[in-house]
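Note sheet for the following structure.
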Amino acid sequence: MEIELILSLLFFAFFAGAIDAAVGGGGLIQIPAIMNAMPQLSPATVFGTNKLSSICGTASAAVTFLKKVKLRWKLLAVIASCAFVASFAGAACVSMIPKEVLRPFVLVMLIIIAIYTFAKKQFGQVHVRQELTPKILILAAVGSLAIGFYDGIFGPGTGSFFIFFFIRYLQADFLHASALSKVANLTTNLAALSFFIPTGHVLFAIGAMMAVANIIGSIVGVRAAIKYGSGFIRILFLILVSILIIRLGYQTFTGQA
């Protein structure tokens with residue numbers, strides 16, 4: 001590859017890592033960058049290479065969050081295990097449900113999330129430390145199973161759905177919800193790679209280079225999220241969801257992939 005293309009991929013991987021660490025959605029930046037740099041690749045190879053890069057940044061963000069933000073290990077175990085199993089199942093069922101069916105439903109859900117988050121100014125500003133009752137753990141399991149399956153079968157907006165769910169139903173603030181979402185996303189990415197690697201859909205050299213930039217970006221993103229707190233993450237969250245709405249709306253009404 002030409003050095004200009006490599007540098008552009010590293011730049012976008014860094015930026016994707018920073019955004020993804022705070023609110024998710026790094027794939028919105030990284031996947032188009034890979035497609036533009038290497039248009040000859042199949043979609044599966046694009047997604048597989050993106051996952052290899054992004055999982056490194058996600059792992060780095062998860063570890064940093066776990067050091068700085070106090071989370072409950074029992075809750076993490078439930079979220080991680082359910083998200084992994086469901087994401088793998090979703091990947092196995094990916095050919096059964098056409099994206100054209102899912103896209104309008106996801107678009108409506110994102111619009112509802114955006115309106116709800118914007119209207120409720122205090123939404124996600126306060127973290128309530130709850131007792132880990134069976135009800136809370138069941139809620140966490142059900143949400144992680146549903147969103148994990150969605151990530152395996154389709155994907156766009158997964159981080160936003162995790163964050164919204166953790167705030168709305170587990171009464172976390174944006175900072176704690178972002179930390180929980182990184183753990184969930186790490187396991188869904190692992191599930192996806194367990195499919196992409198054996199089927200030969202990962203460019204390891206390119207993915208490894210981008211992974212380094214993604215990790216550096218994720219460190220910057222996590223530090224900014226911790227420093228500026230839930231209010232800052234809320235603004236980024238609303239921006240990301242708005243971009244997702246525009247993107248999915250355009251694809252829905254123009255019939256593009």
Side-chain angles (χ1 to χ4, degrees), residues 9-34 47 49-71 75-76 79-80 83-84 87 113 117 124-125 127 144 147-148 151 155-167 170 172-193 207-244:
L9 286 174
L10 294 178
F11 170 79
F12 285 116
F14 170 85
F15 190 52
I19 295 297
D20 198 64
V23 290
L28 285 172
I29 300 167
Q30 203 160 258
I31 289 175
I34 297 172
F47 295 144
T49 304
N50 169 66
K51 287 293 185 186
L52 178 64
S53 170
S54 63
I55 196 173
C56 296
T58 301
S60 172
V63 169
T64 307
F65 268 126
L66 290 174
K67 289 179 179 178
K68 302 290 185 179
V69 180
K70 188 172 290 187
L71 299 173
L75 181 63
L76 286 174
I79 290 170
F84 181 91
S87 180
I113 286 173
T117 305
Q125 299 303 303
H127 178 70
S144 299
I147 300 170
D151 190 37
T158 296
S160 301
F161 287 131
F162 271 127
I163 289 173
F164 183 85
F165 178 83
F166 294 143
I167 294 172
L170 302 187
D173 60 16
F174 270 101
L175 182 62
H176 285 78
S178 292
L180 287 170
S181 75
K182 286 302 100 188
V183 175
N185 272 150
L186 176 62
T187 55
T188 58
N189 285 345
L190 277 172
L193 279 176
M209 285 191 295
M210 294 181 70
V212 174
N214 202 272
I215 289 171
I216 297 171
S218 74
I219 293 171
V220 173
V222 172
R223 288 183 177 178
I226 293 171
K227 180 178 180 180
Y228 296 109
S230 291
F232 169 74
I233 300 174
R234 178 180 181 271
I235 293 170
L236 283 182
F237 178 81
L238 283 169
I239 292 171
L240 177 72
V241 170
S242 298
I243 293 171
L244 273 166

Would you indicate whether the side-chain heavy atoms of [Y] and [X] approach each other to under 4.5 Å?
X: F166; Y: I79; result: yes
X: L244; Y: S160; result: yes
X: F161; Y: I113; result: yes
X: I167; Y: T117; result: no
X: L71; Y: F65; result: no

Can you measure from [atom1] ([X]) to [atom2] ([Y]) and round to the nearest 0.5 angstrom?
X: L9; Y: S53; atom1: CG; atom2: OG; result: 9.0 Å
X: N50; Y: M210; atom1: CG; atom2: CE; result: 7.0 Å
X: I55; Y: L190; atom1: CD1; atom2: CG; result: 3.5 Å
X: Y228; Y: I233; atom1: OH; atom2: CD1; result: 12.5 Å
X: S60; Y: I216; atom1: OG; atom2: CD1; result: 9.5 Å
X: D151; Y: S144; atom1: CG; atom2: OG; result: 11.5 Å

Look only at the side chain of [X] and the backbone of [Y], and say whether a donor-acceptor pair between them is shorter than 3.5 Å.
X: S178; Y: F174; value: yes
X: S230; Y: L175; value: yes
X: S218; Y: T58; value: no
X: D173; Y: G124; value: no

Q. Do we see a donor-acceptor contact under 3.5 Å between the side chains of N214 and Q30?
A. yes
Q.
side-chain contact (heavy atoms from CB on, under 4.5 Å) for L240 and L28? Distances and angles first, verdict last.
A. CA-CA 9 Å; L240 177 72; L28 285 172; 3.5 Å; yes
Write down the atom of [X], the atom of [Y], and the distance for their closest heavy-atom approach.
X: T187; Y: A83; answer: OG1-CB, 3.5 Å
X: G26; Y: D20; answer: N-OD1, 2.9 Å
X: A21; Y: V222; answer: CB-CG2, 3.7 Å

Q: Check the surroundings of atom CZ in F84: do more than 12 heavy atoms from other residues, nucleotides or ligands lie under 6.0 Å from it?
A: yes
(Q) Between F162 and L180, is the side-chain contact (heavy atoms from CB on, under 4.5 Å) condition met? List the steps. (A) CA-CA 8 Å; F162 271 127; L180 287 170; over 6 Å; no
Q: Please assess L186 against K182 for the test side-chain contact (heavy atoms from CB on, under 4.5 Å), listing each intermediate value before the final yes or no.
A: CA-CA 6 Å; L186 176 62; K182 286 302 100 188; over 6 Å; no
Q | Residues I19, I29; criterion side-chain contact (heavy atoms from CB on, under 4.5 Å); working and verdict | A | CA-CA 9 Å; I19 295 297; I29 300 167; 4.1 Å; yes
